[in-house]
Colleague: 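Dropping a structure here in structure tokens format, bear with me for questions.
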Amino acid sequence: IAAWRARHETVAALIKRGARVDARDGRGATPLMRAIKACVDSYWMGRRSPASVETLLKAGASTEGVKYPSGYEEVDVLLGG
């Protein structure tokens, strides 16, 4: 939920406390997938930032199953494009 709602500080705090960066939710999405969706298609436009994507990638989140290109240039750069 923190990744989808673009709560970047919360994402970082959860990772620091040992949250699994590749855990899947009830729909099979990972926090990285949700963080990307928050950049591309979110109601919280004021918090739109690739910060959570960057944090998750630095913490070792897998890009398996991540749509690329994402449709958000800053995210695509982080994903290696």
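These numbers were taken from a predicted model, which means no experiment stands behind them.
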Colleague: How close do Asp41 and Trp4 get, heavy atom to heavy atom, and via which atoms?
Modeller: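 So the two residues come closest at O-CH2, 3.0 Å.
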Colleague: Could you tell me which residues satisfy side-chain hydrogen bond (donor to acceptor under 3.5 Å, both in side chains) with Thr55, sequence neighbours excluded, listed by chain and number?
Modeller: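 Testing Thr55 for side-chain hydrogen bond (donor to acceptor under 3.5 Å, both in side chains), a comparison that skips the adjacent residues, returns none.
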Colleague: With Arg17, which residues qualify under side-chain contact (heavy atoms from CB on, under 4.5 Å), at least two apart?
Modeller: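 For Arg17 the side-chain contact (heavy atoms from CB on, under 4.5 Å) partners, ignoring immediate neighbours, are Ala13.
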Colleague: List for me each residue that meets side-chain contact (heavy atoms from CB on, under 4.5 Å) alongside Arg24, sequence neighbours excluded, and say none if there are none.
Modeller: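 Partners of Arg24 by the side-chain contact (heavy atoms from CB on, under 4.5 Å) criterion, ordered by chain and then number, come out as Thr30, Met33.
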Colleague: Do Asp22 side-chain atoms and Ser62 backbone N/O form a donor-acceptor pair below 3.5 Å?
Modeller: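 Checked: pair present.
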Colleague: Excluding sequence neighbours, so at least two apart, what forms side-chain contact (heavy atoms from CB on, under 4.5 Å) with Leu57?
Modeller: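 Result, side-chain contact (heavy atoms from CB on, under 4.5 Å) vs Leu57: Leu32, Val53, Thr63, Leu78, Leu79.
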Colleague: Nearest heavy-atom pair of Gly71 and Asp76: which atoms, and what distance?
Modeller: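 Result for this residue pair: N-OD2, 3.8 Å.
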Colleague: Leu56, Leu14: one ILVMFWY side-chain cluster at the under-4.5 Å cut-off?
Modeller: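 Leu56 and Leu14: separate clusters.
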Colleague: Which atom names give the shortest non-hydrogen contact between Val21 and Ala59, and what distance separates them?
Modeller: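 Nearest pair, atom of Val21 first, then Ala59: CG1-CB, 3.8 Å.
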Colleague: Ignoring hydrogens, what is the shortest heavy-atom contact between Ala3 and Pro31? Give both atom names and the distance.
Modeller: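 Heavy-atom minimum between the residues: CB-O, 3.3 Å.
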Colleague: For Ala51, give me all partners under side-chain contact (heavy atoms from CB on, under 4.5 Å), at least two apart in sequence or on another chain.
Modeller: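 Residues passing side-chain contact (heavy atoms from CB on, under 4.5 Å) with Ala51: His8, Ser49.
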Colleague: Pairs in or reaching into residues 63-75: which pass salt bridge (Lys or Arg N to Asp or Glu O under 4.0 Å), with residues at least two apart or in two chains?
Modeller: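 Every pair satisfying salt bridge (Lys or Arg N to Asp or Glu O under 4.0 Å) with a residue in residues 63-75: there are none.
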Colleague: In Å and rounded to the nearest 0.5 Å, what is the OG to CD1 distance from Ser52 to Ile15?
Modeller: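 Answer for the OG-CD1 pair, Ser52 versus Ile15, is 8.0 Å.
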Colleague: With sequence neighbours left out, what residues match Arg34 under salt bridge (charged side-chain N to carboxylate O under 4.0 Å, His left out)?
Modeller: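 Partners of Arg34 by the salt bridge (charged side-chain N to carboxylate O under 4.0 Å, His left out) criterion, ordered by chain and then number, come out as Asp25.
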